[in-house]
Amino acid sequence: MGGVTRIVIIGGGPGGYEAALVAAQLGAEVTVVDRDGLGGSAVLTDCVPSKTLIATAEVMTTFDSSYEELGIIVADDTPPLERQARVVGVDLGKVNRRVKRLAIAQSHDITQSVTRAGVTVLRGRGRLGAGGQAVDGSREVLVDAPDGSVQSLRADAVLIATGAHPRELPDAQPDGERILTWTQVYDLEELPRELIVVGSGVTGAEFAGAYQAIGSKVTLVSSRDRVLPGEDPDAAEVLEEVFRRRGMNVMSRSRAEGAKRVGDHVEVTLSDGTVIKGTHCLMAVGSIPNTAEMGLEEAGVKLNDWGQIQVDRVSRTTAPGVYAAGDCTGVFMLASVAAMQGRIAMYHALGDAVQPLNLKTVASNVFTDPEIATVGYTAADVKCGKMDAVEVKLPLRGNPRAKMQGIRDGFVKLFCRPGTGIVVGGVVVAPRASELIHPISLAVDANLTVEQVASAFTVYPSVSGSTAEAARQLHIRKRADGES
Ligand SMILES: Cc1cc2nc3c(=O)[nH]c(=O)nc-3n(C[C@H](O)[C@H](O)[C@H](O)COP(=O)(O)OP(=O)(O)OC[C@H]3O[C@@H](n4cnc5c(N)ncnc54)[C@H](O)[C@@H]3O)c2cc1C
């Protein structure tokens with residue numbers, strides 16, 4: 001490639017816009033094509049809106065679950081029995097207006113910083129041109145603009161970062177009013193009285209927990225034995241127990257076949273014929289990559305059976321000069337991973353030093369109450385022999401700060417290599433576990449030993465004291481094993 005390298009990025013979510021910033025910093029001529037607005041689904045419909053809703057839910061849960069224990073007096077004249085049920089309420093219309101305001105403001109901020117970096121932003125639908133690679137190695141990207149015009153761009157490297165959209169069941173078509181996808185819930189003005197959430201993966205669990213906290217009566221329909229089948233089993237057990245204790249109807253081993261609107265209600269039919277009734281239904285049954293009708297396979301970009309783009313650890317697809325990042329690759333559906341894959345693609349395309357993607361250092365979080373944060377190797381990896389590790393699990397019930405704060409549910413779990421004591425993974429189940437996982441994440445990333453983690457000071461009293469204590473226990477166990 002001679003002269004300035006031309007980069008075209010299709011999709012302006014975290015995979016796309018973070019890549020655009022890096023490529024511009026490295027001196028490339030960068031264009032981002034996006035059809036909905038920079039920030040992508042992460043900012044406009046998924047990550048940012050759900051966490052903003054959950055911010056309200058979090059306050060409600062903290063209040064509901066601890067005000068009596070912490071000695072707080074609610075000065076109103078609600079009869080005590082009713083007060084037990086609910087002393088504060090939520091104006092969902094107001095919450096949702098805040099959600100949308102924040103999302104749009106963040107999309108606007110991202111657009112500003114990307115354009116300030118010298119990136120050209122085009123509104124429209126991008127796809128690869130049919131011609132494949134030209135003799136100079138460049139590729140054509142076609143942009144279908146909202147006014148119907150088509151623009152042709154040439155690129156030395158193309159990054160596909162088009163994300164994914166909610167999967168729909170053929171017999172449960174969302175209507176945006178009663179049968180909803182997670183992108184549609186922010187149009188609700190009133191709280192669903194009885195919400196049926198179909199799907200108990202991360203998205204289903206987060207929404208079920210949030211709506212229950214803000215006052216809906218929630219039924220969670222799970223096709224598996226327990227909620228969060230992909231997470232640490234002990235963590236999932238804690239969450240399911242908490243959900244049930246707070247009154248959620250968790251239906252395990254129940255597969256939803258369809259949902260239909262009947263007047264101002266919905267009926268969800270399960271595969272065994274059972275019909276569940278509610279006022280609203282939220283479908284959270286996975287997502288579909290946005291890879292259709294983009295000229296990908298014609299250009300030599302291989303897709304797997306689920307329509308996800310196959311990439312290697314430096315984000316290369318099977319077509320030279322075409323990279324892919326984020327949810328359209330299905331590698332690990334997180335905004336942080338999308339951004340990392342996008343940056344890596346640009347480092348590689350522009351000849352900068354590049355570290356291949358390492359999924360074993362990714363920290364992730366389920367934003368329920370309590371939160372579940374995870375990093376590194378998991379209990380499943382240890383069980384199936386992928387990693388030889390020993391573990392310690394410390395319930396938070398024994399942590400002094402947790403006792404003072406009235407926190408009863410949760411734990412800290414650490415995994416380390418039996419010989420060296422190097423920390424290879426961890427799980428924190430606690431309020432704000434997303435913040436508490438960071439020291440474990442650092443330990444995993446820097447190959448720290450349990451001895452090193454145990455020797456660092458923690459504040460007394462603090463929940464993170466349990467992380468140091470878990471490391472200490474693993475260290476002592478390692479020494480005992482070494483001596484025996
Ligand atoms: C409810 C929910 C909550 C989540 N919460 C979190 C969280 O808390 N933390 C976290 O890390 N992850 C979270 N995720 C996952 C996270 O949202 C995704 O991993 C992230 O959005 C992926 O980024 P992306 O850049 O691949 O795609 P996206 O963010 O989906 O962006 C893709 C963009 O490309 C555009 N596009 C698509 N096709 C074209 C085309 N042909 N031409 C032009 N533009 C196109 C889309 O309109 C969109 O703007 C959540 C997901 C869901 C569903």
Side-chain angles (χ1 to χ4, degrees), residues 8-20 31-55 99 103 106-107 110-111 121-128 141-146 151 153 158-167 180-186 197 199 201-208 210 282-296 308-309 311 315 324-343 345 362-368 371-374 434:
V8 174
I9 298 172
I10 308 179
Y17 79 78
E18 289 284 351
T31 305
V32 178
V33 184
D34 191 276
R35 54 166 203 216
D36 294 323
L38 289 200
S41 311
V43 168
L44 293 167
T45 55
D46 296 359
C47 183
V48 170
S50 64
K51 264 78 264 183
T52 310
L53 171 76
I54 286 167
V99 166
Q106 192 158 335
S107 172
I110 293 167
T111 309
V121 178
L122 295 180
R123 192 66 175 257
R125 193 180 171 282
R127 56 194 160 94
L128 291 182
V141 172
L142 295 169
V143 183
D144 302 305
Q151 190 177 343
L153 307 171
V158 179
L159 174 69
I160 315 284
T162 46
H165 62 274
R167 184 167 84 90
L180 305 151
T181 68
W182 62 76
T183 66
Q184 295 171 327
V185 291
Y186 306 105
V197 178
V202 175
T203 300
E206 287 187 353
F207 278 108
L282 168 62
M283 303 301 297
V285 289
S287 52
I288 307 274
N290 296 326
T291 52
E293 293 165 22
M294 287 189 62
L296 295 176
Q308 295 157 334
I309 300 173
V311 283
S315 309
D327 283 7
C328 64
T329 68
V331 165
F332 200 148
M333 310 267 267
L334 285 179
S336 52
V337 175
M340 187 61 84
Q341 284 180 290
R343 289 188 211 107
V362 176
S364 63
N365 191 59
V366 185
F367 289 82
T368 42
E371 293 183 1
I372 299 172
T374 312
S434 48

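We count ligands from 1, going down the list as the structure has it; atoms in each ligand are counted the same way. Note that these values count all heavy atoms, side chains included, but never hydrogens, waters or copies made by symmetry.
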Candidate list Val143, Val141, Asp144, test side-chain contact (heavy atoms from CB on, under 4.5 Å), partner Arg127, passing option: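 Answer after filtering Val143, Val141, Asp144: Asp144.
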Within the structure, does [X] bring an N/O atom to less than 3.5 angstrom of an N/O atom in ligand 1?
| X | answer |
| --- | --- |
| Met294 | no |
| Pro14 | yes |
| Gly15 | yes |
| Leu334 | yes |

Considering heavy atoms of the protein only, find what lies nearest to [atom] and give residue, atom and distance to 0.1 Å.
| atom | value |
| --- | --- |
| atom 15 (C) of ligand 1 | Met333 O, 3.5 Å |
| atom 46 (C) of ligand 1 | Asp36 OD2, 3.8 Å |
| atom 39 (C) of ligand 1 | Thr162 CG2, 3.5 Å |
| atom 12 (N) of ligand 1 | Ala335 N, 3.3 Å |
| atom 27 (O) of ligand 1 | Gly163 CA, 3.3 Å |
| atom 9 (N) of ligand 1 | Cys47 SG, 3.4 Å |
| atom 19 (O) of ligand 1 | Asp327 OD1, 2.8 Å |
| atom 50 (C) of ligand 1 | Asp46 CB, 4.1 Å |

Using a 4.0 Å cut-off to any heavy atom of [X], which atoms of ligand 1 qualify?
| X | result |
| --- | --- |
| Ala338 | 22 (C), 23 (O), 26 (O) |
| Gly326 | 26 (O) |
| Lys51 | 3 (C), 4 (C), 5 (N), 6 (C), 7 (C), 8 (O) |
| Gly126 | 40 (C), 41 (N), 42 (N), 43 (C) |
| Arg35 | 36 (N), 37 (C), 38 (N), 43 (C), 44 (N), 45 (C), 47 (O) |
| Gly124 | 42 (N), 43 (C) |
| Ile10 | 40 (C), 42 (N), 43 (C) |

Measuring from [atom], which candidate in [options] has the nearest non-hydrogen atom?
| atom | options | value |
| --- | --- | --- |
| atom 53 (C) of ligand 1 | Phe332, Phe367, Trp182 | Trp182 |
| atom 31 (O) of ligand 1 | Gly13, Ser107, Ala325 | Gly13 |
| atom 28 (P) of ligand 1 | Ala292, Ser41, Gly342 | Ser41 |

Can you tell which part of [X] has a heavy atom less than 4.0 Å from ligand 1: side chain, backbone, both or neither?
| X | value |
| --- | --- |
| Ser50 | side chain |
| Ala161 | backbone |
| Asp34 | both |
| Thr203 | side chain |

Non-hydrogen side-chain atoms of Trp182 and Ser41 separated by less than 4.5 Å: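 A side-chain contact is absent here, since even the closest heavy-atom pair is not under 4.5 Å.
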Within-shell test, Arg127 vs ligand 1, heavy atom, strictly < 4.0 Å: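 No.
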